[in-house]
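Right, one structure below, let's go through it.
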Amino acid sequence: MPLVDDCVFCKIIKGEIPCSKLFEDDLILVFLDIAPFNFGHALVVPKDHHHSITTLPANFHARMMETASKVAVAQMRALKAEGFNLVLNNGRCAGQEVPHVHLHVIPRFVDDQPIFKVSKKKYESIDEMQKTAQNIRAKLDQ
Ligand code: AMP
């Protein structure tokens, strides 16, 4: 998919909007998030306009993950972070604000608040859990 005119990340990739760049190669651009959870919070962005990870070609998936891992190591070294979150919000209901796939790399420190504040659910039984797994498994090959 080519880059598009009305996408903020496509504009950054084309150099029409400035960014604080960390890394770039033929497939990926990495820059700092303008409203970080922690300073140094980065976005790994494919140079191909796709709203969803599900339509992004597989070669981008591998490169994004590999790059995110390298960026996370650099964040830990540079910022003395003790860990990191890799977060990909896919779809509005999942919190996606910018409709161009991106992976957040968020440096984390021991006293940080949890990023996900959603309380966990509990299956009523193992049977219900197995049925849920079966339901999803059946769609994996389609
Ligand atoms: P998401 O909610 O997963 O779609 O995240 C989009 C992220 O993009 C947010 O964390 C924003 O702060 C960030 N963002 C939006 N515009 C810019 C920009 N011009 N430069 C850097 N980060 C941006």
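Atoms within each ligand, like the ligands themselves, are counted from 1 in listed order.
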Atom 5 (O) of ligand 1: closest protein heavy atom, distance to 0.1 Å, is H102 NE2, 3.1 Å
Check your understanding: Touching ligand 1 at all, H104? Heavy atoms, strictly under 4.0 Å?
Key -> yes
So for I12 against ligand 1, with non-hydrogen atoms under 4.0 Å, the contacting part is side chain
A student checking ligand 1 against F9 at a 4.0 Å heavy-atom cut-off should list atoms 8 (O)
When every non-hydrogen atom of H100 is compared with those of C10, the smallest separation belongs to ND1-SG, 3.5 Å
(Q) Looking only at distances, can you tell me whether any N or O atom of V98, backbone or side chain, sits closer than 3.5 Å to an N or O atom of ligand 1? (A) yes
Quick note on ligand 1: atoms under 4.0 Å from a heavy atom of N89 include exactly 1 (P), 2 (O), 3 (O)
One finds that the ligand 1 atoms under 4.0 Å from a non-hydrogen atom of A35 are 12 (O)
Those residues at least two apart in sequence (or on a different chain) that pass side-chain contact (heavy atoms from CB on, under 4.5 Å) with K21 are C19, E24, L29
Near E97 (heavy-atom distance under 4.0 Å), the atoms of ligand 1 are 1 (P), 2 (O), 4 (O)
Checklist entry - Are any non-hydrogen side-chain atoms of V30 and L43 less than 4.5 angstrom apart? => result no
Per side-chain contact (heavy atoms from CB on, under 4.5 Å), K47 is matched among D26, L27, I13 by I13
Is there side-chain contact between Q96 and H51, with at least one heavy-atom pair below 4.5 Å?
yes
among protein heavy atoms, the one nearest atom 9 (C) of ligand 1 is D33 OD2, 3.4 Å
- Item | Modelled atom types, side-chain donor and acceptor of H104 and H41, under 3.5 Å | yes
*What about the rings of F109 and F84, do their centers lie closer together than 6.0 Å?*
no
Using a plain distance cutoff, I'd like to know if Q96 has any nitrogen or oxygen under 3.5 Å from a nitrogen or oxygen of ligand 1. no
Taking the side chain as everything from C-beta on, heavy atoms only, tell me whether V45 gets closer than 4.5 Å to I28. no
When distances are taken from atom 17 (C) of ligand 1, the protein heavy atom at minimum range is I34 CG2, 3.8 Å
- Is the closest basic N to carboxylate O distance between D25 and R63 below 4.0 Å? yes
the protein heavy atom lying closest to atom 2 (O) of ligand 1 turns out to be G95 O, 2.9 Å
Between the CD1 atom in I12 and the CG atom in L3, the distance rounded to the nearest 0.5 Å is 11.5 Å
Note: V87, heavy atoms under 4.0 Å from ligand 1, region reported as neither
What do you reckon, does L43 have a nitrogen or oxygen under 3.5 Å from a nitrogen or oxygen of ligand 1?
-> no
One finds that the ligand 1 atoms under 4.0 Å from a non-hydrogen atom of L32 are 21 (C)
